[in-house]
Amino acid sequence: MAIGSRLAAQTALIPAMLIALVVYCGSTGWTIWISMTSSRMLPNNNFVGLRQYEILFANERWQVSVQNLALFGVLFITLALALGFFLAVLIDQRVRAEDLLRSVFLYPFSMSFIVTGLAWRWLLDPTLGIAKIAHDIGFEGVQFDWLVRQDRVIYTLLAAAIWHAAGLVMAIMLSGLRGIDQEIWKATRIDGIPAWRTYIFVVIPMLKGSFATATILMATSVVRLYDLSVAMTNGGPGIASEVPAKFVMDNLFERQNIGLATAAATSMLITVVAVVAPLLYAQNRAAARVAR
Amino acid sequence: MRRNAKWLSAARIGLYAFLVISAAFFLLPLYVMLVTSLKGMPEIREGNMLSLPHAPTVAAWVKAWSSACTGLSCNGIQVGFLNSLKILFPSVTMSIAVGAVTGYALSLWRPRGAAWLFGILMAVAFVPYQVFLFPLVRMFSYVGLNSSLPGIIVVHTIFGLPTMTLIFRNYFAGIPLELIKAARVDGAGFWRIFGAIMLPMAVPIIVVAIILQVTGIWNDFIFGLVFAGRENFPMTVQLNNIVNSTQGEREYNVDMAATILTALVPLGVYFISGRWFVRGIAAGAVKG
Amino acid sequence: MAQTAEVIHWWTSGGESAAVKVFADQFTKAGGTWVDTAIAGGPNARTAAINRTIGGNPPTAMQFNTGKQFDELVEGGLLADVDAVAAQQNWKAIVPPAILSAVTRNGHAYAVPINIHGQNWFFTSNAVMAKAGATEPKNWDELFVALDKIKAAGFIPLAFGDQKGWERNMFNTTLAGVAGAEGFTAFWGKRDPAFVKSAEFRKVAETYRRFKAYVDPGAPGRNWNDAAAMVIQGKAGMHIMGDWAKGEFTAAGQTPGKDYGCFVLSNHGGGYVMGGDVFAFPKPKNAEVAKAQALLATTMMAPDTQIAFARKKGSIPSRQDVDSKSLDLCAQKAMGFVADKSKQIPANELLSPPAVTGAAEDVISAYWNDATMTTDAFVAKLVTALTQTL
Amino acid sequence: MTGVSVSSLTKAYGALRVLHDIDLDVQPGEFTVLLGPSGCGKSTLLSAIAGLDEIDGGTITIAGEDVTEREPSQRGIAMVFQSYALYPTMTVRGNMSFGLRVKRLSAAEIASRVAWAADLLQLTALLERKPGQLSGGQRQRVAIGRALVQRARLFLFDEPLSNLDAKLRTEMRVEIKKLHKELGMTIVYVTHDQIEAMTLATRIAVMRGGKIEQYAAPDELYERPATLFVAGFVGAPAMNFLPGIVRAGHVEIDSLSLPLDRVAVAGPVADGTKVILGVRPEHIGLADDGAPGVVVEAATDFLEPMGADTLGWFSVGRHRISARLAPQRARSVSGLVRLALDLRHASLFDADSECRY
């Protein structure tokens, strides 16, 4: 490869390299170090080994946060993929007002939860929201108190999160669907395969890339899940809807306990790297094989 | 896809019914916000959030825009609107520029350390930003970037980097390598190829990048608060001041109006360019 | 050349803004220029202020709650002391000892204690109380009698904005009322496992949980001001909140004594839980800033500023030598508590650092919300939370 | 006018060596085709000549200048790619003039070169279109035009016709041949299609496994393939191979014994050597019709009519061979026949080294 261009390519990477090394790696290193100190509001260098981690993993709120994230993550990604894909399939049936519908499904993604959380909280409020309206129009028996029930509150977050992300999934799936060769449809019609079977056994495997993209995007937002919990329930009732990022944030700032906060952040980081690294490695191997 | 006419009608009705119900579900929060913003406080206290306002008034909108107090200044969120624009344009441009160049260099050239860099970026895409907040403050103080417009622009560039790099890399990876070879035979170097050939081809993914970054940067609160400096506080800081007062009376109609006003820019971007978004997003997709 | 002071605070609502305007106006009158940086939400404002201080670009003054929030800034040498102003105004004589010691570290005053907030007030709707035939309780047993009567009359007995911080505040109210100052400081101050395991504390815990039966199902997640509004509108009988809730009543045109009642309830006499707000001053970069800080501190503690501010804010002055006749009925009661050392309890912000408060708060919240959690479990978890923070 | 010469060129991807010590000398004005199956290294060799791939050893000389270390654009080359590699956002004119603009030629010079090339390739009417609006053949012409305007010393073609349908391919082949004749430039052309190679090339370099097996004019290559691989790869239908052992001046193939003196070999072949005898189908005929050569008995398996002639497939002992027959005659062929093998045109290869004797 040409020297000049290689040099230019290397030069072009300087900002990103700088950011990666100084900001990302630097901050991460600092975070890991602080997690092994007794720092509270300000960082100190009073080494305490893994004490913060012991405290962290004994902490009930942290345990609940991690469980919530796991449950939420799995359900959120599965359901948002399902709904997004379904909406995309429906919109792909040459419906009227396609542009309008697409925009309606997509707009939530443009709004932050800090902004829409209040509206959601109202809607789900057992004395104000949908439940009250149901009562007002005569359905006295309707009980909709999931927002205030410890064992159900996570599902209300789920509803809002799906509302937020399903449109994006739809957009990704729709563009994937539009890219599918029309001859596939002709072939399945000649073979007499019903449409739903075609979608499940032919189309979905073909949209592997779209599913992967949507999953990655949603996975990043799952790990970072913070705003939604703050805006809708602030972790409550009790600690029933706490999430790890909120644990980090609360301890970092409001609670002035950065030692514990960084221990939590480091735990999250290690988990992420443990999951992402093998995937990247596998992908790299695959890419190298394709390259020649 | 065209289907047989026989079962078409019944299925069609079901299809539209599902779409309409879904649309209602998606619009519900926006509707609640809208009608609330048009009501007076007494009517809001009555507590039927879905009912249309008896006597619609835009008073709350006017107040939110021009006279709601955030601290001692009672100029509404209009000041922040200008600040947000001041932050938005350079931040979106910078973050996309750096992401595009990095993605281009990673995908079509094989510079040293590319695999590592990409690995780090991928991992960071999953890390909550908050983790980096504190060290970044310290770093910025060393280089004198705190509380300044350049500071907040750099921050948005830093945190936009993983996603931007990822989508541009995926997009450029889909471009045939022969095109680069042809350009090199034509005598174009790294930057010329980028400017004359790659960028013009990248329009669909640039649209996606713009939408993602406009949304993210416009909705950002914490970075604006920490890094922008009080002269440059974005609209969201003022929105927070209006909506999140901890102690004292709350005017939900003003809250909602301020909220919708703040959301108008990203909303507008989505409604205007949703079509291109759908087209472009596939291009940035991970190749299965 | 006017002295310029940039002040970071979290007073953004209408009443709060009016209060902070008192400071700004007085400061301007004294020849300074007030630059206002209001950021809603205590943690947000503190984050911004602390980050800027660490980042070398500090504001002139920054708000904290009275207590331990700024401990480490002092230890880190990032704050300037206000000993000169304290000496000149003779704070020792005029500020209640608990409040003064809360701003003092190693013998130096590091913040201006601008006001005192009572945190454990009961507010009652006179109309609801009358309809239910209930009277203002004199002790905790009578309290539940009153609540039962309100419930029987078809009202919501206790209006509650069920969020973590207010759950803790209700717990603190119970702790102060049932176990008194000794119990309160044993819990938050000494964090004494023996006390937490004692029968007395079990009684606190069980009493706290009794409130659950008087709260409506819409409470979780509700904002406290919406809860206060339920009392104002005559939907609910009582509300437990700090004295800042008066602002809501005043905004609705209600007068204490006439439309609503306010009382503090303790089985041990007085039992007034005192917190408040302070302003701290980052180490000045130059003499100009130092002068502005001195002027700001002096102005904030000036007698007329103190009264005017307290009236707007709903708090009482931290200076006890001011003329409190212009304050409302509840504030008059408060001045009485504050004057008598035996009737006051330092708020938990004064006694424990935020890390401990937060950890305990999680446990308190879990106990309140999880009906299956036994008191034994509660006690055990509390001991861990109070003692395990590094 | 210029030549290109490659000497001792090696290239490896990690542990995988893709080019082994390549030497290639292309004369000025020559049309050299690099021919071989996929993966033989022919495209890599072309890339190396273009400077698009780094090499691990050896030198490349163009027009007498060592260009090994030079950028592609500094080598005085033009290149046409398999996918055409047209810049999709530029018009035809933009595509053709991009390289000239990069080289900062004057606007007038650019315009005149583009006009010349467009005229030559009948693209004048399409100059303002984008590649997306063109047919496959038109795109191919634009790609060639983009190369032509460079007035390069050396033209490199990387399988330029493989994306076209059969009819267009033939047309374009003629056009490229015409261009070469008219403009007389030096061309290095990569393909895996031996017909393309035979029709276009002045010389063909047959490659296999990163080595050049033979570099010779098409006739020479066809008539006197240097290796078993070249013999098998060039010519359709493929040459018939019969393995045997040399004994007493004869090649013994199972029960057959064919006299060695009829076969044109360079020197003596020792007794007991394992060999492979190669005979092209057109050198096998029906003895009864008076075809020359050594006669063997064979059983008819089946017939493949190919239009101009018919390919007959026969079994000789354990071996199957094909013969090119006249269609009229072939219709009556069946059962046992007598085939005449014209050994004067046959090739003899060593079974171990696969080299020609």
Side-chain angles (χ1 to χ4, degrees), chain A residues 37-44 46 48 51-52 54-56 58-62 64-65 117-118 121-122 124-129 131-132 143 145 147-151 153 156 231-242 247 249-261 263, chain C residues 41-48 50-51 53-54 68-78 156 162-167 215-223 226 230 235 353-359 361-373 377 381 384-385 387-390:
Chain A
T37 69
S38 65
S39 303
R40 284 205 185 162
M41 180 172 115
L42 299 177
N44 66 35
N46 179 17
V48 296
R51 268 301 277 149
Q52 298 282 17
E54 285 170 31
I55 294 172
L56 177 72
N59 186 308
E60 191 182 7
R61 174 168 157 188
W62 175 253
V64 170
S65 299
L118 186 61
R121 201 163 69 206
W122 282 12
L124 298 171
D125 188 301
T127 59
L128 289 174
K132 178 176 191 296
Q143 276 285 330
D145 57 355
L147 189 69
V148 301
R149 280 180 58 182
Q150 290 205 303
D151 55 340
V153 65
T156 64
M232 272 183 69
T233 60
N234 203 18
I239 52 173
S241 59
E242 291 290 353
F247 186 93
M249 262 308 255
D250 284 356
N251 279 292
L252 211 47
F253 299 115
E254 188 170 359
R255 298 192 172 174
Q256 301 181 355
N257 197 358
I258 62 175
L260 189 63
Chain C
N44 288 332
R46 289 195 293 271
T47 301
I50 292 169
N51 279 337
T53 305
I54 296 167
K68 295 186 166 294
Q69 284 166 357
F70 53 93
D71 274 7
E72 288 187 45
L73 290 179
V74 175
E75 286 165 23
L78 292 165
I156 296 165
D162 193 347
Q163 296 175 355
K164 269 199 196 81
W166 306 127
E167 288 165 356
V215 168
D216 70 301
R222 179 189 284 145
N223 287 314
D226 293 330
M230 291 163 66
K235 288 181 192 163
V356 175
T357 306
E361 183 176 288
D362 286 338
V363 179
I364 294 166
S365 182
Y367 180 63
W368 171 262
N369 284 288
D370 182 359
T372 63
M373 190 195 282
K381 285 176 182 171
T384 311
T387 55
Q388 286 261 315
T389 306
L390 290 178

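Predicted, not measured: the structure shown is a model, and the values here were computed from it. So that the names make sense, note that chain A is the first sequence line, chain B the second, and so on, each numbered from 1.
Counting heavy atoms from C-beta on, the side chains of K164(C) and I239(A) come closer than 4.5 Å. In this structure, the side chains of R121(A) and N223(C) come closer than 4.5 Å at one or more pairs of heavy atoms. The shortest side-chain heavy-atom distance between R255(A) and D362(C) falls under the 4.5 Å cut-off.
Residues S365(C) and G238(A) approach most closely at OG-CA, 2.9 Å, considering heavy atoms. Of all heavy-atom pairs between G218(C) and D125(A), the closest is O-OD2, 4.1 Å. The two atoms that bring I55(A) and Q388(C) nearest to each other are CD1-O, 2.9 Å, heavy atoms only. Across all non-hydrogen atoms, the minimal contact from Q256(A) to A355(C) is O-CB, 4.2 Å.
L42(A) pairs with exactly one of L78(C), T53(C), D71(C) by the side chain to side chain contact (heavy atoms under 4.5 Å, CB included) rule, that one being L78(C).
Neither the backbone nor the side chain of E75(C) comes within contact range of chain A, judged by heavy atoms closer than 4.5 Å. Neither the backbone nor the side chain of T233(A) comes within contact range of chain C; no heavy atom of the residue lies under 4.5 Å from a heavy atom of that chain. Interface remark: E254(A) contributes backbone and side-chain atoms alike to the contact with chain C (heavy atom separation under 4.5 Å). With a threshold of 4.5 angstrom between heavy atoms, K381(C) approaches chain A through side-chain atoms but not through N, CA, C or O. Residue N251(A): no heavy atom, backbone or side chain, is found under 4.5 Å from chain C. For chain A, the nearby part of A359(C) is the backbone; its heavy atoms alone come within less than 4.5 Å. In this structure, chain C has heavy atoms under 4.5 Å from both the backbone and the side chain of R40(A). Using a 4.5 Å cut-off between heavy atoms, E54(A) does not touch chain C at all. Neither the backbone nor the side chain of D162(C) comes within less than 4.5 Å of any heavy atom of chain A.
Going from atom NZ of K68(C) over to atom CE of M41(A) covers 13.0 Å, rounded to the nearest 0.5 Å. To the nearest 0.5 Å, atoms CD (E72(C)) and CD1 (I258(A)) are separated by 7.5 Å.
The greatest number of non-hydrogen atom pairs below 4.5 Å with chain A, out of L73(C), T357(C), V363(C), D216(C), is found for L73(C).
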